[in-house]
Amino acid sequence: MTDTSDLTAALGGIVDDFNALTTADRLQLLLEFSTGLPELPERYAAHPELLEGVPECQSPIFLIVEVDGAGPDAPVHLFFSAPAEAPTTRGFAGILHEGLNGLTAADVLAVPNDISDRLGLAEAISPLRLRGMAGMLGRIKRQVREKSGI
């Protein structure tokens with residue numbers, strides 16, 4: 001079993017869910033996360049130039065982070081734009097949204113950078129795609145640092 005003691009409850013639960021499945025079922029769960037990714041709110045859908053691209057991803061994905069206030073206790077909100085025809089990328093975004101959205105800035109910044117490796121998808125997904133999820137997390141953390149001031 002993968003150690004999740006350094007993860008938030010939400011991310012730890014997601015990692016546990018993935019690791020309890022066979023490789024084929026892990027892919028199915030990833031697809032479920034892709035369909036659960038919320039649509040962009042109108043303020044971003046109407047202004048896609050406000051979102052940051054993630055060039056590490058093979059598919060076009062864009063994200064933006066909102067931080068309510070400043071400091072380590074400021075709540076973080078994540079928004080993603082990923083095409084429906086890119087289910088792997090959307091799935092990774094869905095995992096990050098479910099696992100990080102609403103956490104404090106300090107909790108988001110404490111997420112280990114190897115979270116994509118802990119999902120047990122290396123047998124089924126190329127390393128390039130896994131790097132895409134790491135790229136998303138890196139951009140999220142940078143935006144959180146900039147916007148929270150920590």
Side-chain angles (χ1 to χ4, degrees), residues 1-21 26 29-84 86-122 125 127-150:
M1 196 57 129
T2 301
D3 180 25
T4 58
S5 62
D6 58 344
L7 300 177
T8 63
L11 271 179
I14 291 168
V15 168
D16 286 343
D17 288 348
F18 270 90
N19 284 286
L21 300 172
R26 289 175 188 164
L29 183 56
L30 184 62
L31 291 177
E32 290 174 21
F33 274 100
S34 77
T35 61
L37 183 66
E39 293 299 317
L40 278 176
E42 182 58 31
R43 66 185 177 276
Y44 296 125
H47 295 282
E49 71 278 4
L50 298 174
L51 281 74
E52 179 178 1
V54 183
E56 294 91 343
C57 289
Q58 290 182 299
S59 302
I61 182 160
F62 300 87
L63 62 87
I64 190 164
V65 174
E66 292 179 354
V67 179
D68 294 339
D73 295 328
V76 172
H77 305 283
L78 308 176
F79 303 94
F80 296 90
S81 172
T88 300
T89 301
R90 279 186 68 85
F92 288 148
I95 290 167
L96 291 171
H97 184 270
E98 186 167 317
L100 303 178
N101 194 57
L103 295 179
T104 66
D107 285 342
V108 171
L109 293 176
V111 171
N113 292 330
D114 70 345
I115 190 69
S116 60
D117 298 334
R118 298 188 193 194
L119 297 171
L121 291 167
I125 293 177
L128 187 60
R129 289 197 183 276
L130 290 173
R131 278 194 299 276
M133 185 178 186
M136 284 184 228
L137 181 59
R139 280 171 173 64
I140 289 167
K141 286 182 170 185
R142 184 186 45 71
Q143 287 190 30
V144 167
R145 279 191 299 275
E146 289 172 358
K147 295 175 181 182
S148 68
I150 60 173

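Count residues from 1 along the sequence.
- For K147 and E66, the salt-bridge test fails: no basic side-chain N is under 4.0 Å from an acidic carboxylate O.
- Between R139 and E52, at least one side-chain nitrogen of the basic residue sits less than 4.0 Å from a carboxylate oxygen of the acidic one, meeting the salt-bridge criterion.
- Side-chain contact check for I64 versus L40: every heavy-atom pair is 4.5 Å or farther apart.
- Contact check for I61 versus M136: side-chain heavy atoms found under the 4.5 Å cut-off.
- Below 30°, between 30° and 60°, or above 60°: for F79 and Y44 the angle between ring planes is between 30° and 60°, a tilted geometry.
- With a 4.5 Å cut-off on side-chain heavy atoms, T88 and L30 count as touching.
- Screening D16, D17, D6 for a salt bridge (charged side-chain N to carboxylate O under 4.0 Å, His left out) involving R118 leaves a single residue, D6.
- The shortest side-chain heavy-atom distance between L50 and F62 does not fall under the 4.5 Å cut-off.
- The shortest side-chain heavy-atom distance between R129 and T89 falls under the 4.5 Å cut-off.
- The closest side-chain heavy-atom distance from I125 to F92 is below 4.5 Å.
- Using a distance-only test at 3.5 Å, with no hydrogens or angles considered, no donor-acceptor pair links the side chain of D73 to the main chain of T104.
- Here the side chains of L119 and V15 are in contact, with some heavy-atom distance below 4.5 Å.
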